[in-house]
Each structure stands twice: as structure tokens, then as C-alpha cells.
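Each chain gets a letter, A, B and so on, in the order its sequence line appears, and its residues count up from 1.
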2 protein chains.
Amino acid sequence: MMVSSLTLPDALMTLDSNTPAALRPHDHDACIDAALAAAEQTCKEQGLRLTPIRRRVLELVWQSHRPVGAYELLEALSADGRRAMPPTVYRALDFLVNAGLVHRLATLNAFVGCHDPLHPHQGQFLICGDCRRVVEFHSGSVNRSLDRKARNLGFELTEQNVELLGRCSDCRDAH
Amino acid sequence: MMVSSLTLPDALMTLDSNTPAALRPHDHDACIDAALAAAEQTCKEQGLRLTPIRRRVLELVWQSHRPVGAYELLEALSADGRRAMPPTVYRALDFLVNAGLVHRLATLNAFVGCHDPLHPHQGQFLICGDCRRVVEFHSGSVNRSLDRKARNLGFELTEQNVELLGRCSDCRDAH
DNA sequence: CGTGCATTTGATATACTATAACAATAAGAG
DNA sequence: CTCTTATTGTTATAGTATATCAAATGCACG
Ligand SMILES: [Zn+2]
Ligand SMILES: [Zn+2]
Ligand SMILES: [Zn+2]
Ligand SMILES: [Zn+2]
């Protein structure tokens with residue numbers, strides 16, 4: 001399997017429109033497949049074990065570009081036939097978050113698949129308050145501004161959590 | 001009462017050191033008094049009612065520059081003699097957050113007094129992972145970067161939640 | 001005043017989010 | 001195969017937040 005097939009599909013990488021690819025119509029099955037393939041690669045490289053439960057939770061997180069709560073995942077797991085309990089899903093989520101495959105959105109107590117797990121980073125997110133879809137971004141200028149400000153105030157940064165709430169163009173167009 | 005006495009005391013406004021004033025030794029009673037006075041002014045101006053419970057919760061939030069949880073506030077209220085229940089403190093906190101007098105830190109599920117309630121804004125915070133103290137800041141360059149990025153992605157921003165975790169200079173000095 | 005309406009608070013119950021602790025099982029190393 | 005460690009199962013509980021309705025309070029108006 002070629003490395004290029006392990007990254008997200010072209011539909012999500014296109015930059016010729018302002019509208020983020022995740023908010024445009026696209027072949028979402030390809031997103032899921034790519035996320036799972038990238039997860040396999042990351043775990044293999046780092047000696048992590050992507051067990052069936054972890055893989056399944058990741059797949060469930062990727063069912064949409066909307067954040068999903070732990071107990072929603074729990075229901076979905078139970079629908080699979082497993083009689084899963086909370087620690088099962090939280091442990092899987094802990095693993096996925098630590099592996100950089102999933103991000104937790106603190107303002108929503110919910111989880112969303114990482115769009116670029118092969119390049120470790122911390123989250124910056126745009127959340128549409130109407131349709132709840134989430135766009136992950138990474139802005140060098142935001143990072144530089146934050147780093148500079150933190151350094152000026154005597155802080156050594158270890159983690160960042162940037163969550164912006166707003167309204168996406170689709171929802172604005174729909175009044 | 002003059003307006004200048006309603007803003008935070010000079011100790012918190014000094015800019016000649018990199019260390020934020022809130023992290024340096026200072027007369028914290030003056031912080032509390034100033035915060036309460038500013039709250040009275042804001043509420044009067046906006047036709048909001050700073051009732052005894054709300055005022056007391058604000059005072060309790062300002063007991064330190066560390067974020068405080070709703071149930072800690074609840075205990076403190078109960079120690080006052082009131083037999084407060086969760087909705088009481090959550091309603092007071094809702095009011096204070098909406099009035100711009102208190103900020104909620106989503107990553108900590110905790111609340112901290114706003115350093116500049118007279119100038120409405122959204123939160124940008126540095127949190128020391130060692131001593132848990134919080135410094136609120138407002139960076140024009142961060143805001144510009146975020147606004148520009150959001151606009152590029154087709155988003156209209158309504159709220160921002162920027163929480164940076166790190167280590168303050170005091171804690172770094174103390175190994 | 002006194003009446004009526006809106007806001008705030010009291011009180012009970014419950015929903016939602018997350019973890020502790022320990023037992024059972026499965027995976028990997030030698 | 002056996003030892004060791006990592007993972008999962010299971011039960012219980014901790015921690016955070018809200019829904020709902022009743023009582024009390026504040027305020028506008030006549
Ligand atoms: Zn990511
Ligand atoms: Zn939308
Ligand atoms: Zn503030
Ligand atoms: Zn510190």
C-alpha cells in the first residue's frame with residue numbers, strides 16, 4: 001500500500017476554495033478509509049496497538065465531521081453487539097487522543113477525528129454553532145502570536161486549546 | 001466615587017515587568033474590592049441586578065487568581081450559612097459570565113474573575129499547570145490572526161475560547 | 001398603598017461526563 | 001510454555017450541569 005493512500009483523500013486537501021473541504025460535498029467513505037489507514041500507519045510506526053475496540057471507536061468518530069460525545073460512541077458500540085461500559089470507550093478515546101488520532105473539544109465535551117494525524121500538532125478549531133460541523137486548522141501566524149505572547153508573560157507553553165465558535169458559510173447562506 | 005477607583009488597582013496594571021501582576025505579590029484585597037466595584041458599575045450601566053447571591057459568588061471567585069469549580073463555590077456558600085444547592089451557584093455563574101464579570105475555562109470546568117469587565121471581550125488565558133494560576137490576556141495580533149483565518153475558511157466568528165497550558169516563571173524557577 | 005407581572009431564588013430530581021479499583025483476559029518476550 | 005505487561009470487563013462512584021415547578025421577591029402602574 002502506497003504512503004499517499006494513507007493520507008486524507010484529495011477531496012479534503014483541495015485548497016482552491018475558501019470553503020473547507022470537510023464542509024463541501026465529498027466522498028466521506030474515503031475520509032473514513034483514509035483516517036483508518038493513517039491510524040494503522042501511525043500506530044505501526046510508534047509501536048502502538050490499534051486494537052479492534054480502538055479501531056472501531058476511531059471509525060465511529062469519523063462517521064461525520066461533527067464532534068461526537070463519549071456516550072454516543074458508547075451507544076454505537078453497544079449497537080454493535082458488545083455490551084460496552086463507559087471505561088471501555090473512555091480508554092479507547094484516551095488512547096486515540098494520546099496517539100494524535102482524535103482531538104477532544106473541551107467546549108463541547110466531544111471528540112473529533114484529527115485531519116492530519118501524521119504530523120503531530122495541537123488543535124485549533126472552528127465550530128459552526130448551527131450545523132455543529134467542525135473544521136480543524138493550523139495557523140502559523142496564530143501559533144507565532146500565541147508563542148510570543150506567552151513568552152512575554154513568562155510562560156513556557158506545553159499545550160494549546162483554541163476553539164472558535166461561529167457560523168459556517170453554508171449556514172449563513174441558508175439564512 | 002471616581003471611575004478610576006472602579007478599575008483594577010495599579011498593582012495589576014503595571015506593565016514594566018514581564019511577570020504578570022497577578023503572579024507577583026500584591027494586595028489582593030484591592031483586587032477583590034476593585035472587581036466588586038467594577039461589577040456594581042457594569043450592572044448599573046446595563047440595568048442588571050447584582051443580587052446578594054451573585055455578588056457573593058463573584059467575591060468568592062475573586063478569592064484568588066486560580067480558577068474555582070462550581071462545587072467549591074457551593075461549599076463556600078454553604079459555609080456562609082446558606083444551604084445552597086447546585087442551581088443556585090450555576091445560575092449566579094451564568095449571570096456573571098453573561099455579564100462579562102467572570103470567564104469559564106472549558107478545559108478545567110472552572111471559573112475565574114475577569115480582569116477587565118468594563119471592556120467586553122472574549123477570553124484568552126494562560127494556565128500554569130503547576131500552580132494552577134491563570135493569567136488573562138488579550139492579544140490584538142492573536143485576534144487578527146484568528147479573524148483572518150476564520151474569514152478565509154468562510155466562518156463568521158461569534159465566540160472564542162483560547163486556553164494555553166504551560167508553566168509560569170515562578171514555577172520554572174522553582175525547578 | 002395594593003394589584004399584577006416578571007425576575008429571582010428554593011428545592012427536588014435527574015441528566016450528563018468521567019474515573020477509581022480490581023478482576024479477567026489477551027498479547028508479546030524470552 | 002511461562003512470565004510479564006497491556007488491554008479489556010465489570011461494578012461502583014465521582015464530578016459537572018440542567019430541567020422543572022413552587023415560593024418569594026422586586027418593580028411598574030393605577
Ligand atoms: Zn489534528
Ligand atoms: Zn454550519
Ligand atoms: Zn476577561
Ligand atoms: Zn505556576
Using OP1 and OP2 only, check whether a side-chain N or O of [X] sits under 4.0 Å from [N].
| X | N | answer |
| --- | --- | --- |
| B:R54 | C:dT9 | yes |
| A:T88 | D:dT8 | no |
| A:R104 | C:dT17 | no |
| B:Y90 | D:dA17 | yes |

In terms of side-chain heavy atoms, does B:R104 have a donor or acceptor partner in B:N109 at a distance below 3.5 Å? yes

Tell me the interatomic distance from [X], atom [atom1], to [N], atom [atom2], rounded to whole angstroms.
| X | N | atom1 | atom2 | result |
| --- | --- | --- | --- | --- |
| A:R82 | C:dT25 | CZ | P | 17 Å |
| A:D94 | C:dT19 | CG | P | 6 Å |
| B:I53 | D:dG26 | CD1 | P | 12 Å |
| B:R56 | C:dT9 | CZ | P | 15 Å |
| B:L50 | C:dT9 | CG | P | 10 Å |
| B:N98 | C:dT7 | CG | P | 15 Å |
| A:R83 | D:dG9 | CZ | P | 9 Å |
| B:M85 | C:dT12 | CE | C1' | 7 Å |

Per nearest nucleotide of DNA chain C, the residue lying toward the 5' end, B:N109 or B:P87, is B:P87

Pick base, sugar-phosphate or nothing for B:R91, based on heavy-atom distances below 4.0 Å to the nucleic acid. base

Crowding at CD, B:E156 (>12 non-hydrogen neighbours, <6.0 Å): yes

Ring centers of B:F125, B:H103 separated by less than 6.0 Å: yes

So which atom in B:E159 and which in B:Q122 form the shortest heavy-atom distance, rounded to 0.1 Å? CA-OE1, 2.9 Å

From C-beta outward on A:F111, which listed nucleotide comes closest to its side chain: D:dA17, D:dG26, C:dA18? C:dA18

Which nucleotide in the set C:dT19, D:dT18, D:dT7 lies at the smallest distance from any side-chain heavy atom of A:T51? D:dT7

With a 3.5 Å cut-off and heavy atoms only, can you find an N or O donor on one side and an acceptor on the other between the side chain of A:Y71 and the base of C:dA18? yes

Salt-bridge present (A:E40, A:R55; N to O < 4.0 Å): yes

